[in-house]
Amino acid sequence: MWKMDSLFQGRSSPYNLQQFRHNSPNYPPTKAKNRGDANDMNHVISLFIQLATRLEESSKYVNDRDTLLKLWGNDLPLALCSSSSKHKKNRLVTDRKYRSDDIHGGLDNGQHASDREIRRRLSKLNKKSMDSESDTSDDLDRSSEDGNSDGDTSTSNTDSDQEVHLESRTRDSKGNGYLTPNDGLDFITDEREWGARMTKASLVPPVTRKYDVIDQYVIVADEDDVKRKMRVSLPDDYAEKLTAQKNGTEESDMELPEVKGYKPRKMLEHEVVEQEVYGIDPYTHNLLLDSMPDELEWSLQEKHVFIEDTLLRTLNMQVRHFTGTGSTPMSYPLQPVIQEIEKSAVEHCDTRMISMCQGILKAIARRPDDKYVAYRKGLGVVCNKEEGFGEDDFVVEFLGEVYPVWKWFEKQDGIRSLQKNSKDPAPEFYNIYLERPKGDADGYDLVVVDAMHKANYASRICHSCRPNCEAKVTAVGGHYQIGIYSVRKIQHGEEITFDYNSVTESKEEYEASVCLCGSQVCRGSYLNLTGEGAFQKVLKEWHGILDCHYLMLEACELNSVSEEDYNDLGRAGLGSCLLGGLPDWLVAYAARLVRFINFERTKLPEAILKHNLEEKRKYFSEICLEVERSDAEVQAEGVYNQRLQNLAVTLDKVRYVMRCIFGDPMKAPPPLEKLSPEAVVSFLWKGEDSFVEELLQCMTPHVAESALNDLKSKVRARDPLVSKDIQKAVQKSLLWLRDEVRNLPCTYKCRHDAAADLIHIYAYTKYFFRVLDYKTFTSPPVYISPLDLGPKCADKLGAGLQEYRKIYGQNYCLGQLIFWHNQSDVEPDCTLARASRGSLSLPDISSFYAKAHKPSRQRVYGPKTVRSMLTRMEKHPQRPWPKDQIWSFKSSPKFFGSPMLDAVINNTPLDREMVHWLKHRPAIFQAMWDR
Ligand SMILES: C[S@@+](CC[C@H](N)C(=O)[O-])C[C@H]1O[C@@H](n2cnc3c(N)ncnc32)[C@H](O)[C@@H]1O
C-alpha cells in the first residue's frame with residue numbers, strides 16, 4: 001500500500017524552522033513498508049488505552065473493575081488474554097507490545113495507537129500555552145460572520161475551572177495507569193488523559209470563503225513547464241514492474257504511477273453536499289464515553305461507533321440548516337443531537353439505543369460543569385447518496401490553481417511580509433503538493449495546488465485522523481491529478497474526510513489546530529509538528545555549513561556530472577523532469593546532496609530510536625525495543641522523503657532565479673571559485689583591498705608614521721609572488737607579519753595582539769574561495785488577496801489586492817543551495833552570511849582597531865576570549881562565532897576560507913601547529929577588562 005506523497009502544507013510551514021520544537025515522535029508520515037493491515041490490533045490497543053485512561057477516582061474502582069473485567073471478557077481475543085498473563089508485572093502498553101509481537105503484521109496500527117497516546121501525554125505536559133488559555137470557548141459562541149452571539153445554540157458557562165482541575169490531577173498522578181488482567185487494581189491512580197481540547201485561542205472562527213468553481217486545473221505561471229510536470233511518463237517496463245511490486249518480487253520500492261481510468265466526480269447537491277459541519281475534540285469524545293452508563297453492557301467499540309458514526313452523522317444533519325445563513329455558532333450543544341437519536345430509536349423500537357441516549361442525557365443533566373458541545377469546522381462535504389458510496393470509489397479531483405513551486409514560495413514570502421506578526425492565527429490553508437511518483441520514467445518533481453480561490457468542493461473536505469477517503473496522486477488520461485477516493489464504505493449523511501497528512505513547523509499553529517474529527521484515534525491536531533529534534537540530529541552533526549560548502553566547492557570545481565552522479569540521482573527517483581536544463585555544477589551538487597540524504601537515511605533510525613526511547617522511558621516502565629526499532633525505521637523513511645522534497649523545492653527556486661538573471665539556467669556559472677595562488681596573494685597581500693592593505697590602514701591612527709612606513713616597505717619586500725612555491729611563501733610572509741605586529745605596542749584601542757592571532761589563522765588557511773555574485777533582481781509582482789492573509793490581517797490591510805515583489809539578493813542562489821533543507825528562510829543569503837561568521841569567513845582585521853577620532857568601546861581580548869575562540873574552532877567548527885565579542889565580519893564576504901574548512905576538505909583534524917601556537921604563545925598585552 002502506497003502512501004500519497006501530497007501533503008497539505010500548513011501556512012507557516014515555510015517559516016522559521018529553527019524556532020519551533022518537535023514533539024511529534026510519529027511524524028513525518030511515511031510509506032509503511034511490510035506492515036500489514038491490523039484493524040483488530042488497533043481495536044485492541046485502543047481498547048487498552050481507553051480502559052487505562054477511563055479509570056477514575058478511587059471511589060469508582062469497583063465499578064471500573066467490573067467494567068474492565070467485562071471488557072476483557074468481551075473484547076479481547078482469547079490468545080491475547082492468555083499471552084498477557086505471562087507478563088504479570090507489565091503495565092498495559094508493554095503488555096500490548098509483547099502481544100503485538102505475537103501477531104504477525106499487527107504492529108503498525110497498534111504501535112501508532114500507542115504513540116498517539118504517548119504523544120497526547122507528552123503534548124499535555126508540554127502544553128503550557130494551552131493551559132494558560134484554558135478558559136474555553138463558550139463565550140466565543142458567536143456568528144462567524146458578524147460576531148453576534150447566538151444564545152439559542154450555545155451554552156454560556158465557561159469550564160475553565162474544570163479544565164484546570166483535570167490538568168492538575170493528571171500532573172499529580174503517579175504511575176502510568178496501565179495494568180494486566182491479573183494485576184490487582186490497588187495501584188490504579190487517576191491517570192485520565194482526555195486528550196486535546198478546544199481552547200479559546202484555537203477557536204478561530206473558520207472563514208467561509210467563497211471560491212470560483214472550476215472543473216479543471218488552472219495554471220498560474222510557467223504554463224508549459226507546469227504542464228510538463230503534470231504529464232505522466234510511464235517507464236517502458238511499467239507492467240512488469242507493477243506486477244513485480246504486487247507480487248513482492250520487486251527489489252526497489254520506488255513508487256510507480258497509479259494509473260486510473262477516467263471517472264466522473266460525484267455530483268454536488270445530488271451525491272454530495274457542501275454544508276456547515278461540526279465535530280468534537282478528543283476531550284469531548286472521552287467525556288461522552290465517560291457519560292455512558294456502565295450497566296448497559298455496550299462494548300467499547302460499540303461506544304466508539306455510537307460517537308463516531310451515529311452522533312456525528314446526526315449532528316451534521318442537525319446543523320445543515322446553518323449553511324449559507326451567515327449566522328453560524330462556533331459551538332453547538334450535543335443535547336439536542338442525543339435527543340434526536342433517542343427519538344429515532346423510539347421510532348425503530350431500539351431499546352438498547354434508547355437506554356444509551358437516556359443515560360447520556362442524564363449525565364448531561366447531572367454534570368452541568370461538563371461541556372457537551374461540538375465545535376464548528378466551517379464548510380465540509382457530506383455524502384448525500386441514499387445508498388452511500390462503495391469502497392475505492394472515486395469521489396472527486398482536488399482541483400485548484402497550480403503554482404510552480406518557486407511562485408508558491410514567493411507568494412508565501414509576500415503573505416508573511418504583509419502579516420508581519422507571525423503569531424497571528426494562521427488562515428486556513430488549502431494548498432496541497434502534487435508530487436510526481438518517483439517511479440515515473442522522468443522522475444520525481446512537484447507543483448503546488450492551491451484551492452483557496454479557485455476550486456471545487458474537494459477543497460472543503462475536512463481532515464480526519466480515521467478518514468473514510470484518501471487523497472492520492474493518480475495518472476488519469478496521461479496527466480497526474482490528485483484524486484479523492486473512498487477507503488471504506490461511506491453511508492448517507494456521513495462526512496467525507498481524508499487525512500491531511502499535513503505538516504507544520506510552528507508549534508503555535510500545531511497547538512491551535514485542535515482536531516475535531518471525533519475519532520477514537522484522533523491525534524489531537526489536524527497538523528503534524530515536524531522539523532526538529534531527532535529528525536534534525538544527523539543533519540546538524542554531519543551536514544553543517546562547512547560540509548555543505550565542501551560539497552558545493554567540489555561540484556563547482558568539477559563542473560561536470562559523473563556516471564555515478566546520474567546513477568545516484570536516478571536511484572533516488574530524480575530524473576529529467578527535475579534536473580533537465582540545469583547546469584552541470586548544479587546537477588553534480590544535487591547528486592552530492594542525494595548521497596548525503598542516503599547517508600542520513602542509514603543513520604536516522606538509530607538517532608530517532610534513541611530519542612523516542614528517551615521520551616518514552618519517562619512514561620513507560622517497559623518498552624519493546626523491536627517495535628520501537630521498526631517505528632524509527634518508518635519515521636526515518638519519512639524524513640528521507642521529506643529531504644528529497646526539499647531538494648526538489650530548492651532546485652525549482654534556484655532554477656527560476658537563474659532563469660531570470662541569465663535567461664537560461666544552463667548559463668549560470670558556478671557560484672564558487674577556488675582562488676589560484678596568485679589570486680590568494682592579491683587577496684591577502686598585494687591587492688588594493690587586500691587583507692594586509694586593510695591592516696596597514698587600520699593601524700594608521702595608532703602607529704607612529706615612521707614605524708608604519710618601515711613596516712610598509714618591509715611588506716613590499718616580502719612579496720610572495722616572487723617565490724616558486726607561492727602558497728608556502730604566503731604562509732611564510734604572513735607568519736613574519738604576525739611577529740612584526742606582535743612587536744608593536746598595544747593599547748585598548750589597538751589590539752595588535754589580537755590582529756597577530758588573526759594573521760596567524762590566515763597563515764594556516766590553505767584554501768580560499770571567491771563567491772561569484774549573481775545580479776540582484778526584483779521579481780514581477782505577486783498579488784495577495786485579503787483571503788490569503790487571514791481575518792486579522794485582512795481587516796488591517798483592507799479589501800484590495802496587495803502587491804508584493806520579492807527582492808532576490810546577489811547570493812540568494814548560493815544561500816538557498818547551502819540551506820537546501822530549509823524552505824522557511826526568505827533571505828537565505830543573509831542567513832548564510834550570518835552563519836559563516838568565523839567558521840567559514842574569518843573576522844575583519846578592522847575588528848581590533850578603533851577608528852581614531854571616535855570614542856570607542858573597549859576591545860576585550862583576554863585569555864577567555866582566546867579560549868572561547870579555540871573551543872569554537874576545535875569543538876564546534878561549523879558554528880558561527882559569537883556576535884557580542886571583539887570580532888566583526890563583512891556583511892557579504894566575497895572571499896572565504898578558514899582552517900576549519902580546510903580540515904573538512906582534507907578530512908583531517910584542525911591543524912595542530914596552528915592550535916598549538918595559539919594556545920602557547922605568550923600574552924603581550926592584557927587590559928584590565930580582559931580578565
Ligand atoms: C481545507 S479547509 C477545509 C474547508 C473549511 N472547513 C472551509 O470552511 O473552507 C481546512 C480548514 O478546515 C478546518 N478543518 C478541517 N478539518 C478539521 C478538523 N478535523 N478539525 C478542525 N477543523 C478542521 C480548519 O479550519 C482547516 O484550516
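None of these values were measured; they are calculated from a predicted model. Residue numbers count from 1 along this sequence.
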A cation-pi test, strictly: NZ or CZ of [X] under 6.0 Å from the centre of the six-membered ring of [Y] and no more than 45 degrees from its axis. Yes or no?
{"X": "Lys411", "Y": "Phe409", "answer": "no"}
{"X": "Lys438", "Y": "Tyr444", "answer": "yes"}
{"X": "Lys260", "Y": "Tyr485", "answer": "yes"}

Hey, what do you get for CD (Glu628) to CD (Gln635), rounding to the nearest 0.5 Å?
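Rounded to the nearest 0.5 Å, the CD-CD separation comes to 9.0 Å.
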Using a strict 4.0 Å threshold on nitrogen-to-oxygen distance, state whether Asp445 and Arg436 make a salt bridge.
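Not counted as a salt bridge, because no side-chain N and carboxylate O are separated by less than 4.0 Å.
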Under a 4.0 Å threshold between the charged nitrogen and the carboxylate oxygen, would Asp236 count as salt-bridged to Lys241?
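Here Lys241 does not pair with Asp236 in a salt bridge, since their nearest N and O are not under 4.0 Å apart.
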With salt bridge (charged side-chain N to carboxylate O under 4.0 Å, His left out) as the criterion, how do Asp652 and Lys229 come out once you've worked through the C-alpha distance, each side chain's angles and the decisive distance to 0.1 Å?
CA-CA 12 Å; Asp652 198 72; Lys229 289 178 193 225; 2.9 Å; yes
side-chain hydrogen bond (donor to acceptor under 3.5 Å, both in side chains) partners of Glu554, counting only residues at least two apart:
Tyr550, Arg592
Using the side chain to side chain contact (heavy atoms under 4.5 Å, CB included) criterion, which residues pair with Ile807? Sequence neighbours excluded.
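Only Thr776, Thr778 meet the side chain to side chain contact (heavy atoms under 4.5 Å, CB included) criterion with Ile807.
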Apply side chain to side chain contact (heavy atoms under 4.5 Å, CB included) to Val396 and list each qualifying residue two or more places apart in sequence or on a separate chain.
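Per chain and number, Val396 pairs via side chain to side chain contact (heavy atoms under 4.5 Å, CB included) with Arg265, Asn456, Tyr457, Ala458, Ile461, Ile484.
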May I ask you to check whether His549 and Phe896 place their ring centers less than 6.0 Å from one another?
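Centroid distance His549-Phe896: below 6.0 Å, so yes.
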Indicate, with yes or no, if the rings of Trp542 and Phe596 have centres closer together than 6.0 Å.
no
Which word best sums up how the rings of Tyr808 and Tyr812 line up, parallel for under 30°, tilted for 30 to 60°, or perpendicular for over 60°?
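Answer is perpendicular, since the angle exceeds 60°.
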Worked verdict on Lys227 versus Glu223 for salt bridge (charged side-chain N to carboxylate O under 4.0 Å, His left out)
CA-CA 6 Å; Lys227 275 188 180 157; Glu223 189 163 347; 3.2 Å; yes
